[in-house]
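Note that ligands are numbered from 1 as they come in the structure, with each ligand's atoms numbered from 1 the same way.
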Amino acid sequence: MNTEQLKIPQATAKRLPLYYRFLKNLHASGKQRVSSAELSEAVKVDSATIRRDFSYFGALGKKGYGYNVNYLLTFFRKTLDQDEVTKVALIGVGNLGTAFLNYNFIKNNNTKIECAFDVIEDKVGTKVGDVPVYHLDQLEDYMSDDISVAILTVPATVAQQITDRLVNCGIKGILNFTPARLNVPDEIRLHHIDLAVELQSLVYFLKNYPVE
Ligand code: ATP
C-alpha cells in the first residue's frame with residue numbers, strides 16, 4: 001500500500017480495503033455518489049470515523065451530496081496499488097491452508113498465492129486450487145524476490161523456525177494464523193490472526209455487551 005507518502009494513520013489504512021471493496025460494488029451498480037451514512041451502514045464503521053478517514057485523503061464530501069464514487073475509487077486504486085499484483089506464499093497446506101488456496105483472493109484484492117509449502121509427501125507435488133505445493137525443504141529455491149508476503153498456517157510449534165527462514169528469504173510481510181507469538185526484525189510487518197481468540201472474544205462480547 002502506498003500510504004507512506006500520504007502519512008495516514010495505520011487504523012485508517014487498515015480500513016481502506018473495506019471501503020474499496022464496497023465502492024467497487026457501488027460503482028458496478030452505476031451509483032455515482034454515496035453518503036457517509038450509507039457507507040457506514042454497509043461497512044459497519046461509524047460515520048464520524050469514515051468522515052475523518054476520508055478527510056486524510058482530501059475527500060471532504062458535500063452536505064446533501066455525499067462523496068463522489070469515482071473520485072474515491074481512483075484514489076483507492078492508486079493507494080492500494082491495485083494495478084500491481086502482490087505475490088504471496090502459503091506455508092502449511094492443512095485444513096485452513098487448503099481453504100485459503102481454494103479461495104480466490106484475486107477476485108477482491110490484487111493478491112495472488114503463487115506457491116504453497118508442506119512437509120507431507122502426499123501433498124507435495126500436487127496442486128490445490130491451482131497453486132503448486134512444494135516441499136518445505138525447497139522454500140529457499142522457490143521464494144523469489146517478487147514474493148513479498150507469506151501466510152502461515154502451520155502448527156504453532158514450527159512457526160518461528162519457518163518465520164526465520166522466510167525472513168532470510170527477504171519476506172516483507174507475514175500473516176500469522178498460528179497461535180504462536182512470533183519474533184521478527186523491525187522492518188518486517190507481522191499481522192496475527194488467531195481465529196480461536198477472535199471467536200472467544202466474540203462470545204465474550206455477546207455475553208457481556210449484548211447488542212440492543
Ligand atoms: P489446520 O490447523 O490448518 O486446520 P490441520 O489441523 O490439518 O491444519 P496442522 O497440524 O495444524 O493440521 O498442520 C497444518 C499443515 O501444516 C499440515 O498440512 C501439516 O502437514 C503442515 N506442516 C506441519 N509441519 C510443517 C512444517 N514444518 N512445514 C510446513 N508445513 C508443515
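- Among Leu136, Val93, Val133, Thr153, the residue whose heavy atom lies nearest to atom 14 (C) of ligand 1 is Thr153.
- At a heavy-atom cutoff of 4.0 Å, ligand 1 is contacted by no atom of Gln161, backbone or side chain.
- Between the side chains of Tyr19 and Asp53, a donor-acceptor pair is found at a separation under 3.5 Å.
- Taking atom 15 (C) of ligand 1 as the reference point, the nearest protein heavy-atom neighbour is Gly94 N, 3.5 Å.
- Protein heavy atoms are absent from the 4.0 Å sphere centred on atom 2 (O) of ligand 1.
- For atom 4 (O) of ligand 1, the nearest protein heavy atom (residue, atom name, distance) is Asn95 CB, 3.0 Å.
- Near Lys123, the atoms of ligand 1 lying under 4.0 angstrom from a non-hydrogen atom of the residue are 17 (C), 18 (O).
- Nearest protein neighbour of atom 23 (C) of ligand 1, counting heavy atoms only, is Pro155 CD, 3.4 Å.
- In terms of protein heavy atoms, atom 30 (N) of ligand 1 is closest to Val154 CG1, 3.6 Å.
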CA sep, side-chain torsions, deciding dist, call: Ile193, Leu175, side chain to side chain contact (heavy atoms under 4.5 Å, CB included): CA-CA 7 Å; Ile193 301 178; Leu175 193 55; 3.7 Å; yes

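- Residues Lys87 and Val149 fail the side-chain proximity criterion, which asks for heavy atoms closer than 4.5 Å.
- Atoms of ligand 1 found under 4.0 Å from any heavy atom of Ile120 (numbered from 1 in listed order, with element): 20 (O).
- Less than 4.0 angstrom separates some heavy atom of Ile162 from each of these atoms of ligand 1: 26 (C), 27 (N), 28 (N).
- Thr153 has its side chain out of reach of Thr178: every pair of non-hydrogen atoms, C-beta onward, lies at least 4.5 Å apart.
- Scanning the protein for heavy atoms near atom 19 (C) of ligand 1, the closest one is Asp118 OD1, 3.5 Å.
- A salt bridge does not link Glu121 with Lys123: none of the charged nitrogens is closer than 4.0 Å to a carboxylate oxygen.
- Residues Ile50 and Val43 have side chains in contact (heavy-atom distance under 4.5 Å, counting atoms from C-beta outward).
- In this structure, the side chain of Arg165 engages the main chain of Leu136 through a donor-acceptor pair within 3.5 Å.
- Below 30°, between 30° and 60°, or above 60°: for Tyr134 and Phe117 the angle between ring planes is between 30° and 60°, a tilted geometry.
- Counting protein heavy atoms only, atom 25 (C) of ligand 1 is closest to Val119 CG2, 3.6 Å.
- Between Glu38 and Lys31, at least one side-chain nitrogen of the basic residue sits less than 4.0 Å from a carboxylate oxygen of the acidic one, meeting the salt-bridge criterion.
- Within ligand 1, counting atoms from 1 as listed, the ones closer than 4.0 Å to a heavy atom of Leu96 are 1 (P), 3 (O), 4 (O).
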